[in-house]
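What follows is one structure encoded as structure tokens, with my remarks underneath.
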Amino acid sequence: MVVLCVLGGTPTSSAAKDTTEANAPLVIKVGVYDNYPKVFEDASGHYRGIFPDILSAISAKEGWKLQYIPGTWTQCLNRLESGEIDVMVDVAYSQERSKQFTFSDESTFINWGVVYTRSGLNVEELPDLQGLRVAVMKGSIHTSSNQGIKSILGRFNIKPSRYLEVDSYKEVFSLLDTEQADAGVVNRIFGAVFAKDYNVQKTPIIFNPRQLQFAFPPHGPHTPMLKAIIDKDLRALKKDRDSIYYQALDRYLTMGALAFAPEGTEDGETNKVILTDEERDWIRKHSVIRYAVDPEFVPYEFLGPDGSYDGIASDYVKLLSKRLGLNFERVPDLTWTEAMTMIKQGKIDVLPCVGKTEERQSFLHFSRPYSQFHRVIITRIDTPFITGLEDIADLRVAVQGNSSNAGFLESHTDIKPIFFATLKQALLSVSDGNTDAMVGNLAASAYWIRKMNLTNLKIAAPAGQDQRNLYFAVRADWPELVRIINKGLLSITSEEEQRIMQRWVGVEFKTGIERGVVRRYIINASIIALIVLAVILFWNFKLKKDLEKRREAEARLRYSNELKNVLSEVSTKFVNLPSRDINEELHQALQNIACVLHSQEAYLYKEVSENQLSCVYHWKEGAERTDICNFLEPVATHAPWRIREIKDGTVFNVPNVLKMDEALVASRDFLLERGVGSFVEVPLYYAYMVVGLLGVASQEDEREWNSEEISFLKLIGQVFTNALMRKKYEDALQRKTFELQQANDQLKDLDRLKSMFIASMSHELRTPLNSIIGFTGVMLQGMTGELNPTQKDQLSRVHQASRHLHELITDVIDISKIESGRIDVHVQSFPLREVIDEAVTTVKSQIKKKGLDLQLNMPEDLAMHTDRKRVLQCLINFLSNAVKYSEHGEVVIDVTSTQQTVEIAVSDTGIGIDEKDFPRLFEAFERFDSHLKVKAGGTGLGLYLTRKLVTELLCGEVFVKSELNRGSTFGMRIPMDLDNAKERQETRPETEA
Ligand code: ADP
């Protein structure tokens with residue numbers, strides 16, 4: 001791109017050839033007059049401005065030679081009419097003029113009139129000009145044409161108090177500035193450029209837009225060609241935002257007061273920049289500006305063999321001193337370091353050529369940049385390839401002390417450079433091997449490398465990607481000078497800049513080469529092309545390297561993620577896996593492991609005995625599924641070494657079976673036979689003991705098993721071991737549980753047999769007992785004849801003992817029936833009151849006998865649906881105990897109910913029960929000591945049976961409260977509807993059970 005542009009600048013246009021006689025360029029006569037900034041003569045007598053700059057660019061492209069014919073505006077128009085000139089610049093198009101001249105179609109730009117006022121006046125629209133003093137320029141198109149201010153105001157009948165007619169727009173502004181006029185008309189370009197220099201105010205009023213164009217003599221010999229080419233080139237220039245067209249507009253229109261003036265000013269020829277009064281004053285007061293230079297900063301600034309100040313910056317210093325009237329004076333014999341110190345101390349004022357660093361900004365003011373350099377890394381030729389600053393971080397890096405490169409390294413990198421007083425010394429240190437790399441600017445370094453013939457150095461890489469700027473730096477307490485220098489720098493045109501660059505860049509090639517422009521271009525272009533080429537090649541190489549690195553890293557990451565996924569999948573699966581599924585899942589998991597490791601086999605061995613491993617699980621690509629594989633024997637016989645080593649916790653990492661130890665030839669052949677090229681095996685631990693191994697085998701015979709894969713296998717192995725061990729213990733537990741279950745069932749059967757035996761035996765016992773009770777009763781009643789007192793006494797003892805035995809047997813039968821599960825439940829509906837009355841009847845005589853009170857508290861109409869007989873039996877038991885164990889006081893029956901349960905409590909004021917006996921209550925054959933124990937008689941089975949009836953038949957619960965010598969309350973809480981309760985019990989969720 002760069003190369004093409006430079007070469008494209010040579011005059012080879014076809015249009016030029018067509019119109020050129022022989023080789024001489026076509027001469028175009030251009031009419032010019034003074035109208036800054038559109039066209040004017042600069043200090044060196046050249047015609048400049050928007051129109052000439054554009055025309056120069058076109059003529060350079062077309063190979064014309066421009067000959068400027070200056071004159072007044074009217075002279076110019078006359079010459080155009082007569083054909084004395086070929087083209088005239090800056091002609092506002094009007095229909096009238098178009099009859100006289102030929103105009104270019106493409107307008108250069110549009111200009112219009114603008115109204116300004118003196119400061120403090122508020123003018124917004126045309127009527128506001130009524131009664132004001134309006135300054136205008138005589139003969140201007142914005143003053144007296146039919147679109148000029150006078151005719152516009154006339155048309156609207158707006159009457160200024162007077163028109164002040166002057167000769168130039170500058171005078172219009174002067175009148176406003178000095179308040180001799182209230183409003184004034186100038187063109188917009190003049191206003192934009194000069195308004196800042198006067199105390200004036202812009203208004204929104206604009207008028208009379210005019211296209212400014214090139215004009216040609218209507219019958220001129222070159223007119224058709226010139227019009228066509230200027231139109232075409234102008235169109236192209238307008239399309240390209242970077243073209244000379246926009247550069248010219250920017251330069252002249254947006255820089256405003258910074259641009260330089262057309263005419264000589266009061267200060268004379270030497271000061272061509274518009275400076276404010278204060279600036280001029282400042283320059284007058286500072287008659288000498290001391291500056292210091294870097295003697296070796298070729299080609300930017302350096303000292304020539306005769307000690308003269310040379311280089312790009314020296315030309316800028318010369319230009320500025322001429323334009324600004326500054327008196328620059330060089331302080332000689334300073335090194336760069338000394339110069340820096342002195343400017344800090346205010347002993348010198350300016351450094352004309354420095355780079356910006358953060359540190360320097362703290363004590364220097366920087367001008368706008370005026371030149372650029374590239375920062376590069378220089379190494380010896382034999383230094384391995386480097387790509388940038390990051391590659392030299394660990395090397396010894398040389399840099400010129402106090403240079404912007406040093407500042408850059410210190411503030412933007414971690415590099416700790418070694419400082420040298422001059423660039424030459426820094427380069428020599430790399431060349432001599434005292435340092436490894438140097439950071440410096442491309443042009444200067446390249447110059448000194450060639451100059452000192454340091455053939456072992458190379459430009460290795462760019463240090464950062466942007467180009468760096470060079471500036472004038474001014475001591476901290478002189479900000480005014482920066483502003484002045486900036487104005488000076490802005491006045492330097494791009495051609496001037498180019499000339500300076502051409503003079504100094506490639507300085508070392510000058511000797512022996514003719515100063516032909518084309519040749520120099522070619523040389524410069526070649527250098528640039530080489531650099532561009534080198535940079536492109538270098539970037540391609542670096543990009544390729546980076547891409548490879550990135551691909552590798554991505555692949556590694558992907559693989560690592562796959563391993564992690566398999567690990568997490570397997571761990572999740574195995575952690576709660578039911579033992580019965582372990583076989584199946586292990587087989588699947590082994591397949592997954594083999595696949596993710598790109599292997600064809602995965603297997604799990606467990607140690608069987610001292611010298612034997614048995615393969616328990618095995619997956620092989622394409623093989624029939626076998627959980628227990630069949631090569632137990634070869635492993636056991638041919639590889640005892642493997643068992644030993646695995647038991648020591650060694651990981652077998654065999655990247656190539658072919659290369660296995662000769663001593664293991666049997667194992668090797670066995671593995672080769674099976675198609676194993678490489679394998680890896682890790683030990684499995686349980687409770688710090690090796691219990692087996694997990695292995696993976698691949699057909700590849702150069703397979704490196706890396707540390708990530710090995711730790712993956714170890715972790716997976718741990719998951720397997722845990723699962724297998726769990727399975728082992730669960731299996732054992734299951735066996736034991738089964739045995740216990742069996743024992744338990746046997747016991748239950750025995751228990752049932754016992755209960756059945758007792759039940760049937762008791763029944764057999766009851767039959768004869770009934771006869772004894774019956775007949776003794778008959779005899780006692782004297783039905784079989786009178787008994788003497790002794791007979792009566794003895795017979796009544798027999799009778800009583802028999803009854804007791806009967807009660808006992810009845811209870812035992814009930815208990816046995818319940819325990820053997822042979823008791824039947826008869827559910828029926830009945831009013832509870834009925835049952836209570838019945839129970840009370842059975843104890844009525846006893847109550848009466850003992851003189852006890854009986855109380856019943858219960859709700860009316862309480863209906864029950866349960867086993868009536870059993871409720872009655874329980875109630876009688878409680879009531880008879882209450883009566884039995886009370887000698888006075890009362891027996892109270894309390895019945896309460898909720899929606900589903902009924903609570904029946906029987907309280908007495910009897911002997912009560914000691915707290916220590918509570919745990920034995922409701923147990924079989926438990927009777928507690930008291931003075932009533934013998935007298936009351938009893939079996940010790942009543943409460944035991946009651947509890948069983950309530951809990952096991954009636955689905956309820958019993959309760960007791962008692963206090964020794966105060967009384968007791970025994971009771972039961974039973975469901976009102978037994979069927980309902982049972983149903984509920986069945987559907988109740990297990991967790992609540
Ligand atoms: P027993 O046939 O001996 O009454 P129970 O099983 O009915 O057998 O009662 C067991 C023991 O509980 C009784 O011997 C007695 O010591 C005690 N007991 C039962 N009910 C009462 C009560 N209401 N007051 C005091 N003690 C009682």
Side-chain angles (χ1 to χ4, degrees), residues 294 296-297 335-337 340 354-360 373-450 452-468 531 533-557 560 704 706-708:
D294 183 341
E296 289 178 4
F297 194 29
T335 65
W336 188 238
T337 318
M340 272 294 167
V354 288
K356 224 186 233 181
T357 64
E358 269 171 38
E359 192 228 332
R360 285 177 186 172
F373 70 93
H374 294 270
R375 187 172 284 143
V376 290
I377 301 167
I378 286 146
T379 64
R380 281 182 302 284
I381 282 170
D382 56 7
T383 304
F385 184 74
I386 58 166
T387 58
L389 286 167
E390 60 278 11
D391 292 342
I392 59 166
D394 299 328
L395 303 181
R396 294 167 301 169
V397 179
V399 72
Q400 186 187 1
N402 264 320
S403 68
S404 74
N405 300 309
F408 168 76
L409 288 183
E410 284 181 314
S411 53
H412 291 91
T413 70
D414 293 333
I415 295 171
K416 299 266 166 296
I418 300 159
F419 300 105
F420 291 87
T422 67
L423 183 68
K424 274 200 287 190
Q425 287 168 3
L427 283 169
L428 279 170
S429 83
V430 182
S431 176
D432 294 345
N434 295 328
T435 56
D436 304 309
M438 194 213 79
V439 174
N441 93 66
L442 175 64
S445 305
Y447 173 86
W448 285 112
I449 288 172
R450 280 193 293 269
M452 295 195 288
N453 201 22
L454 303 176
T455 48
N456 69 339
L457 293 188
K458 66 174 175 189
I459 292 166
Q465 283 166 28
D466 353 314
Q467 54 182 16
R468 306 285 152 187
I531 294 172
L533 199 69
V535 169
I536 290 170
L537 284 177
F538 160 74
W539 279 113
N540 281 352
F541 180 78
K542 184 169 156 49
L543 278 178
K544 207 172 140 194
K545 230 174 87 169
D546 286 353
L547 202 69
E548 274 166 20
K549 268 195 214 158
R550 210 176 62 211
R551 282 207 187 116
E552 265 171 43
E554 276 173 6
R556 266 202 307 279
L557 191 71
S560 172
E704 287 290 341
N706 65 36
S707 58
E708 193 176 7

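Note that these values count all heavy atoms, side chains included, but never hydrogens, waters or copies made by symmetry. When a residue number appears, it is its place in the shown sequence, counting from 1. What you are looking at is a predicted structure, and each value in this text was computed from that prediction instead of being measured.
In terms of heavy-atom proximity, Ser404 sits nearest to Arg360 at N-NH2, 2.9 Å. Scanning all heavy atoms of the two residues, the minimum distance from Ile415 to Ala393 falls at CG1-CA, 4.0 Å. Minimum interatomic distance between Val430 and Arg380 (heavy atoms only, all atoms of both residues): O-NH1, 2.6 Å. Here the closest non-hydrogen pair linking Met340 and Val354 is CE-CG1, 4.4 Å. The two residues Ser429 and Thr435 come nearest to each other via the heavy atoms OG-OG1, 2.7 Å. Here the closest non-hydrogen pair linking Leu454 and Ser431 is CD2-OG, 3.9 Å.
Taking CG of Asn405 as the start and CG of Leu423 as the end, the distance is 8.5 Å to the nearest 0.5 Å. Atom CZ of residue Phe419 and atom OG of residue Ser403 lie 8.5 Å apart, to the nearest 0.5 angstrom. Taking OG1 of Thr455 as the start and CD1 of Ile449 as the end, the distance is 10.5 Å to the nearest 0.5 Å. Separation of atoms OG1 (Thr379) and CG (Asp436) is listed at 9.0 Å; rounding is to 0.5 Å. Atom CD1 in Ile418 sits 12.5 Å away from atom CE in Met438 (nearest 0.5 Å).
Taking the side chain as every heavy atom from C-beta outward, Leu389 and Phe408 approach each other to under 4.5 Å. In this structure, Thr335 and Thr422 have side chains that are not in contact, with every pair of non-hydrogen atoms separated by 4.5 Å or more. At a threshold of 4.5 Å between non-hydrogen side-chain atoms, the residues Leu428 and Met452 count as touching. Using a 4.5 Å cut-off on side-chain heavy atoms (C-beta onward), Gln400 and Phe420 make no contact. Two residues are said to be in side-chain contact when any heavy atoms from C-beta on lie closer than 4.5 Å; Leu427 and Ile378 meet this criterion. For the pair Val439/Val397, a side-chain contact is recorded, criterion being any heavy-atom separation below 4.5 Å from C-beta on.
Remark: Thr357 pairs with no residue by the side-chain hydrogen bond (donor to acceptor under 3.5 Å, both in side chains) rule, at least two apart or across chains.
Counting non-hydrogen atoms of neighbouring residues, nucleotides and ligands closer than 6.0 angstrom, the CD atom of Glu390 exceeds 12 such neighbours.
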